[in-house]
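Please read the structure below before turning to the comments.
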Amino acid sequence: MSQEVRVRFAPSPTGFVHIGSLRTALFNYLFARHHGGKNILRIEDTDQTRKVEGAVENLISSLGRLGITFDEGPETGGNHGPYYQSERLNIYREYCEQLLASGHAYYAFETQDELDEMRRLQQLEGKQTMYDRRGRDLSDDEVNEKLASDAPRVIRLKVPLGEEVRFNDLVKGNIKIDTDIVDDQILLKSDGFPTYHLANVVDDHLMNITHIIRGEEWITSVPKHILIYKALGWDVPLMAHVPLILNPDKSKLSKRQGDVAVEDYLQKGYLKEALVNFIALLGWNPGEGEEKEFFSMEELTKEFTLDKVQTSGAVFNIDKLNWMNNAYIKNYDIDKLADISMPFFKGTGIDMNDKDRVKKILSAIRVYLNKLNEIPEHVELFAATEVTIKEETLLEHLTSETSKKAFASLSEKIEALDFLTADNYKLAISEVQSETGIKGKALFKPVRIALTGSENGPELPAIAEILGKDKVIEFLKRWH
RNA sequence: GGUCCCAUCGACUAGGGGUUAGGUCGCCACUCUUUCACAGUGAAAACACGGGUUCGAAUCCCGUUGGGACCGCCA
């Protein structure tokens, strides 16, 4: 391949980053890196009504946090800018003129109401709703007259009828569509802005995009785009339409059935590595019998190819994400884990400045965490100033004679220590065992309940060390 | 409704003419651990259906069924 690979991620700045967008952005990024090409960010802000303040910054930072970066774009710049479509209006207009002049486009003057009525009728007849191409019948005089007035006008693509558009999709294979069912798509809106269809063709060409990688929902508008490329005398980039990410009921992933914003997942304490790993495996896999499931961004970059992209949609399975996230949490560098966990300790009563202690706590509980926002519920016992016994039935373990004896003995042993560690706690416990003859459940269960108020939880020696000598004695004293 | 896309365990998937159809999540059982969890072992669990082609089809072809996407002066 002599030509440099250039791909683009082209979102519209309407707010948060959708999981589906993340996947598209990821695949573009991986593809570009795999081929040593360029990854370009282009903002498709041609719909003035949907603009959201701060969306672009948010998008770049969210993607950046996950390790998805761009070689050209609004913040990085580049030789093919501007990268906001709203700043390229004159370019689109120029090509629209060209299309008009060559007879590949025409003016149309219908109002919104007229179009609505047209569609209503079509629906009534059970026909496909599409522009009925009535503007094509206007004479030159009629057009000129309208143009001279202040009537709103629009420029539409003149789709050649009775033809067949074929293209070879890199993941879907050969696709053909009859032009008779292709709409005379609006190219330039009455507000002077282009539609997506015109803008993306013009930009992809001008920005030398070699591969278009985007969601499957675009596949039905490909013929329009190809017709535009042809009308302008341009080569059509290679295309790869990746399957959708689905709700559990197999419909397109939507807010209705759970979180769809990348930010939501980050906020809940899904690690970026886990998120990227999981999303990459939704619709792609290394194939060839490879059974590995954990991939770093570097490994993904190395392995990723379009021919291993799945042809059918993939359900977003939160259970597996949780499992994977937990796996990352369990194996994460403890220092780094402590750093990124800090926000989740807020309000728990744990001193966040005492990083050593935070690390010890994390080591004790990480095995339980599917995501970082579960920290508070597991950390309660370490911050407690007194133990609350949650269930009545646990009380009898604390009030029996053997328990009292064990508590007294254990207190005494710990009292003699300078400070409590997991190791000398274990020693103390075994001394209690041999001196009092109390052992097994009869010993461990009451102690656990006395220290934590619960029958289960992390390992006792670790808990004892984190609680510290004073608290352990205090908690024990209460029962003897 | 029209057009297009898709079809292996509940989910993610490997396999792509001859396999006991493999792995992972989840579910269940057992083991380990004096708790829960983790870990380990094991089990249940799939080629949508019907026709072809072929000595042989999950695999190739056609059809049916089912699912999805799109049908906007949104992207």
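Because the structure is predicted, anything quoted here is derived from the model rather than measured. All chains are named by letter (A, B, ...) in the order of the sequence lines, taking the proteins before the strands, and each is independently numbered beginning at 1.
Taking 4.0 angstrom as the limit, A/Ser221 places none of its side-chain polar atoms (N or O) nearer than this to OP1 or OP2 of B/rC71. Between A/Asn285 and B/rA14 there is a side-chain polar atom (N or O) within less than 4.0 angstrom of OP1 or OP2. Between B/rC70 and A/Lys252, a contact under 4.0 Å exists linking OP1 or OP2 to a side-chain N or O. Contact annotation: A/Thr311 reaches the phosphate of B/rA7 (side-chain N/O to OP1 or OP2, under 4.0 Å). Here A/Lys330 reaches the OP1 or OP2 of B/rA39: one of its side-chain N or O atoms lies under 4.0 Å away. In terms of phosphate contacts, A/Thr129 brings no side-chain nitrogen or oxygen within less than 4.0 Å of OP1 or OP2 of B/rG2.
Ionic pairing of A/Arg8 and A/Asp204 is present here: one or more N-O contacts between side-chain nitrogen and carboxylate oxygen are shorter than 4.0 angstrom.
Rounded to the nearest Å, the gap between the P atom of B/rC6 and that of B/rC61 is 11 Å. When the C1' atom is compared between B/rU8 and B/rU59, the two are found 11 Å apart, to the nearest whole Å. Between B/rC5 and B/rC38, the distance separating the two P atoms is 45 Å to the nearest Å. If you take atom P in B/rG22 and the same atom in B/rA45, they sit 12 Å apart, rounded to whole Å. When the C1' atom is used for both B/rA29 and B/rA43, the distance is 7 Å, rounded to whole Å. Look at the C1' atom in both B/rG26 and B/rU13: the space between them is 15 Å, to the nearest Å. Taking the C1' atoms as reference points, B/rC12 lies 16 Å from B/rC27, given to the whole Å. Rounded to whole Å, the C1' atom of B/rU65 lies 7 Å from the corresponding atom of B/rC49.
As judged by a 4.0 angstrom heavy-atom cut-off over every strand, A/Glu455 is placed among the base-contacting residues. In this structure, A/Gly215 reaches neither bases nor backbone, as no heavy-atom distance under 4.0 Å exists between it and the strands shown. Using a 4.0 Å heavy-atom criterion, one finds that A/Pro11 contacts no nucleic acid atom at all.
Nearest-nucleotide assignment on RNA chain B puts the 5′-proximal partner with A/Val315, out of A/Val315 and A/Arg119. Two residues, A/Glu290 and A/Leu115, neighbour RNA chain B, and the one matched to the more 5' nucleotide by heavy-atom proximity is A/Glu290.
For A/Glu293 against B/rU13, no side-chain N or O and base N or O form a donor-acceptor pair under 3.5 Å. Remark: the A/Tyr368 side chain and the B/rC36 base include a donor-acceptor N/O pair separated by less than 3.5 Å. Below the 3.5 angstrom threshold, one finds a donor paired with an acceptor across the side chain of A/Ser190 and the base of B/rC73. One donor-acceptor pair, N or O on each side, does fall under 3.5 Å between the base of B/rU24 and the side chain of A/Lys320.
Residue A/Glu216 contributes atom CD, which lies 12 Å from atom C1' of B/rG67 at whole-angstrom precision.
Picking from B/rG68, B/rG23, B/rG26 the nucleotide with the shortest atom distance to the side chain of A/Glu291 gives B/rG23. In this structure, of B/rC25, B/rC38, B/rG68, it is B/rC38 that holds the atom nearest to the side chain of A/Val367. Minimum atom distance to the side chain of A/Ala314 is reached by B/rC12, of the listed B/rU3, B/rC12, B/rC73. The side chain of A/Thr220 approaches B/rU3 more closely than any other nucleotide in the set B/rA7, B/rU3, B/rU35.
In this structure, the side chain of A/Asn28 does not engage the main chain of A/Asn39 through any donor-acceptor pair within 3.5 Å.
Checked against the 6.0 Å centroid threshold, A/Phe31 and A/Trp284 do not count as a close aromatic pair. Centroid-to-centroid, the aromatic rings of A/Tyr328 and A/Phe294 come within less than 6.0 Å.
For the pairing with A/Tyr270, the side-chain hydrogen bond (donor to acceptor under 3.5 Å, both in side chains) check across A/Asn325, A/Asn373, A/Asn322 returns one residue only, A/Asn322.
With a cut-off of 3.5 Å on both pairing distances, the Watson-Crick or G-U wobble partner of B/rA7 is B/rU65.
Contact of the A/Glu465 side chain with the A/Lys360 side chain is registered, since non-hydrogen atoms from C-beta on lie closer than 4.5 Å.
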